[in-house]
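Take a look at the structure set out below.
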Number of protein chains: 2
Amino acid sequence: MSDREAQQGTGLHRAFAIIRVLAASDGTGMRVTQIARESGLTQATAHRLLQALMAEGVVVQGEGSRLYRLSVEFFALAASAGNPGNLRDLCRPALLRLSASLGDTIFLLVRSGFDAVCLDRSEGPFPIRSFTGDVGGRVALGVGQGSLAILAFLPEAEREEVIRFNLPRLRDFGVFDEVYLRTEIARVRELGYAGRNTGLLPGMAGVAVPVLDRDGRAVAALSVGTIAERLSPERLPTVVELLRRETVAIGPGINPFDVVLRRPAQGLGGINGPTRIETSDSRTGQQGRLPPGAAPRS
Amino acid sequence: MSDREAQQGTGLHRAFAIIRVLAASDGTGMRVTQIARESGLTQATAHRLLQALMAEGVVVQGEGSRLYRLSVEFFALAASAGNPGNLRDLCRPALLRLSASLGDTIFLLVRSGFDAVCLDRSEGPFPIRSFTGDVGGRVALGVGQGSLAILAFLPEAEREEVIRFNLPRLRDFGVFDEVYLRTEIARVRELGYAGRNTGLLPGMAGVAVPVLDRDGRAVAALSVGTIAERLSPERLPTVVELLRRETVAIGPGINPFDVVLRRPAQGLGGINGPTRIETSDSRTGQQGRLPPGAAPRS
DNA sequence: ACATTCATTCCGTATATCGGAATAAGTCAA
DNA sequence: TTGACTTATTCCGATATACGGAATGAATGT
C-alpha cells in the first residue's frame with residue numbers, strides 16, 4: 001500500500017529481517033513460528049523466505065527439519081568480506097607482532113557508523129575480557145580505549161555528531177556526563193593515545209592508538225587489552241610506543257575509503273548487548289523492532 | 001522462465017548474487033557495471049538491488065558514491081552468527097589453553113558441506129601459513145590435517161560421497177590418487193588423529209584431532225599448525241594428547257545439529273571460493289587476492 | 001486417545017520487480 | 001573549452017513474484 005518513504009515491504013528487507021533475528025539468537029536454532037513472531041512476518045511468509053534462504057545456502061536447518069539457523073557458509077561469506085580497504089590483511093602482521101612481543105591480546109577496531117567493531121584479534125597468553133570481545137563485536141564509539149581512540153581522532157564535525165548521538169548510549173556504561181567525555185577526548189588527542197584504566201571492567205585495562213588515514217582521520221585503532229597490573233607506569237610507555245610504531249606504518253597503506261556517517265540504519269544493528277539504541281529517526285524512522293504481534297502493514 | 005530446477009529469478013537470489021560477487025572482490029569496492037557484469041544482472045537491476053542492500057546496511061559505498069563494498073555491519077552480523085550450536089564459544093577456551101601451552105597456532109575447523117571452514121583461530125608466537133588461513137577460509141575436505149581429520153571420521157556414507165565429490169578438487173593440491181587418499185584416511189581413523197607433515201606447504205606441519213558429536217560423527221577438528229621442526233617425534237605425542245583431551249571435553253557439550261549434505265550449490269562462494277593459500281610473508285602481510293573467478297592455482 | 005501447537009502447501013490477488021530505453025553524470029583526449 | 005565516450009541513475013509499462021488468509025498435514029503433549 002503505497003510508498004511509505006522507505007521500502008519495508010520488499011522481499012529483501014523481510015529476508016534480512018529474518019537473518020537479523022537468527023543472528024541475534026544464540027545459534028541453537030529457531031522454529032518458524034518464533035522467527036515469524038520476532039521478525040513481524042506472517043508464518044507463511046517466514047516459511048517461504050526461509051526456504052529461499054536455504055536455497056541460497058544462508059540458512060540451514062538441523063535435526064530432522066525443525067530448527068533454523070544461519071549457516072557456516074554465511075559466516076564464511078561475510079568473513080572474507082567485511083574488510084574495508086583490506087584493512088584486516090594490512091593489520092594482521094602488526095597484530096601478530098604485537099601480541100607476540102607484548103604477550104597481551106591485541107584488537108583491531110574499525111569504525112562503523114556510531115560504533116566500533118572488532119575486526120580482528122590476536123590473543124596473548126593473558127586471558128582478558130573486553131567490551132567488544134569477539135571478532136564482530138560492537139561497542140558505541142567512546143566505550144573502551146580502542147573505541148575512544150577512534151572517536152577522539154575523527155574530524156571535528158563527525159566527532160560532534162557522534163558525541164551527540166552516543167551520549168545517551170554511553171550513560172549505560174560509565175557515569176559519563178558530557179563534560180567528562182570531552183575531557184577524556186581532549187586528553188586522548190593530546191597524548192595521541194587512549195590509556196588509563198577506565199575501571200569499567202574490574203581489573204582490566206587497555207591502551208589504544210588510532211590508525212589514521214592519509215587525511216589524518218581515524219578509521220581504526222589498535223588496542224591492547226590486558227589486566228591492570230600489566231599496564232604499570234613503567235611498562236605503559238613501551239607499549240604505547242610499540243603500538244604507535246605499528247599504526248604509523250599502517251596508515252599510509254590504507255586504501256582510501258570513507259565510512260559514511262549513517263544512523264545505525266535499520267540494518268544489521270547492535271545485536272550485541274547494550275549497544276542497541278532506540279531512537280526513532282525522523283525520516284527513515286519507522287521499522288524499529290516491531291512490537292511483538294504487530295502486523296506489518298500491507 | 002519458470003522451472004529450471006531451482007528458482008533463480010527471485011529477487012533474493014539476485015541480491016545474494018551481488019553479495020557473493022562483492023565478497024569475492026578484494027574489498028576495494030566495485031562499480032555498478034562491474035557488479036552487473038559479474039553477477040549476470042542488468043545494470044538497472046544491479047543498481048536497484050544495490051540501493052536496497054544499502055538501505056539494509058549490507059552494502060556501503062565509499063568515495064563520493066562510486067565504489068560499492070560490503071559493510072562492516074554485514075561482517076559483524078555474520079560474525080556473531082555462524083556459530084553452529086555455539087561451537088565457537090564452546091571451543092574458545094580450549095583454543096586459548098592450547099595456543100598458550102603449546103605456543104603454536106590452533107585452528108578450529110568445522111565441516112560445511114564438502115568443505116572445512118575455519119571458524120576460529122588462536123595464534124601462538126610461531127608464525128605459520130595454513131590452507132584455511134583466515135577465519136572464514138575454506139578448504140576442500142581432505143586438504144590439510146584438520147580437514148582430513150574431519151573427513152576421516154564422517155559416517156561412512158557421507159565420507160564416500162565427499163570423497164567422490166572432492167577427488168577432482170584434491171588433484172589440484174597434492175598428487176592425490178584415490179588409493180592414497182583412502183590410505184591416509186584409514187591411518188587417521190586408526191590413530192585417531194591426522195598428523196604427519198604432508199609437505200603441501202614447505203616447512204609447515206600440522207596435527208589435528210576430530211571433535212566428535214555424541215553420535216561419534218566428526219563435526220569439527222582442532223588442529224595445530226606449526227613449522228615442521230616443532231613436530232618432532234618426541235613432541236608429537238604430547239601435542240596429540242593435549243588436543244585429544246580438549247576434544248573429548250568438547251564433544252559432549254555440542255548441541256545436536258547436523259550439517260546437511262548438499263552440493264555446494266549456487267550457494268555462497270562455493271567450491272573454489274576463498275580457498276586461498278597464504279603465500280604472504282608475515283611481516284609485509286598483504287596479498288592473497290586471486291583474480292575473481294579464477295580457480296585456485298595448483 | 002484427543003486437543004493443541006506448529007509446519008507446510010494452496011491459490012487468487014495485487015504489488016513489487018524487471019529490464020529496455022531515456023536521461024544524467026562523470027571521464028578523457030585534444 | 002568542446003565533444004565523444006563511458007558509466008550511473010531514473011522512468012515506466014508489463015508481468016512475473018511475493019503476499020497472506022485459510023486449509024491441510026505433521027508433531028507434541030496430556
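Note that the structure is a prediction, hence the values are computed from the model and not measured. Hydrogens, waters and symmetry mates play no part in the numbers below; they use all other heavy atoms, side chains included.
Residue B/R31 is in sugar-phosphate contact alone, with no base atom involved, counting any heavy-atom pair closer than 4.0 Å across all strands shown.
Between A/Q43 atom CD and D/dA22 atom P there is a gap of 14 Å when expressed in whole angstrom units. Atom pair A/H13:NE2 and C/dT17:P shows a separation of 12 Å (rounding to whole Å applied). In this structure, NE2 of A/H47 is placed 15 Å from P of D/dA18, rounded to the nearest angstrom. Following rounding to the nearest Å, B/L12 (CG) and D/dC19 (C1') show an atom-to-atom distance of 15 Å.
Contact annotation: A/T45 does not reach the phosphate of D/dA18 (side-chain N/O to OP1 or OP2, under 4.0 Å).
The side chain of B/A44 lies closest to C/dA21, out of C/dC6, D/dG21, C/dA21. Taking only side-chain atoms of A/R48, from C-beta outward, the nucleotide of D/dA8, D/dG20, C/dA7 with the closest atom is D/dG20. Taking only side-chain atoms of B/T10, from C-beta outward, the nucleotide of D/dC19, D/dA18, D/dT9 with the closest atom is D/dA18. Comparing atom distances between the B/T42 side chain and each of D/dT9, C/dG20, D/dG20 picks out C/dG20 as nearest. Proximity note for A/R66 (side chain, C-beta onward) versus D/dT28, D/dC19, C/dT8: the nearest is D/dT28. Counting only heavy atoms from C-beta on, B/T33 has its side chain closest to D/dA8 among D/dA8, C/dT8, C/dT17.
A donor-acceptor contact shorter than 3.5 Å links the side chain of A/S71 to the backbone of A/F74. One N or O on the side chain of B/T10 and one on the backbone of B/L12 form a donor-acceptor pair closer than 3.5 Å.
In this structure B/Q34 satisfies the side-chain hydrogen bond (donor to acceptor under 3.5 Å, both in side chains) test with no other residue, sequence neighbours excluded.
In terms of heavy atoms, B/A221 sits closest to B/G146 at CB-O, 3.6 Å.
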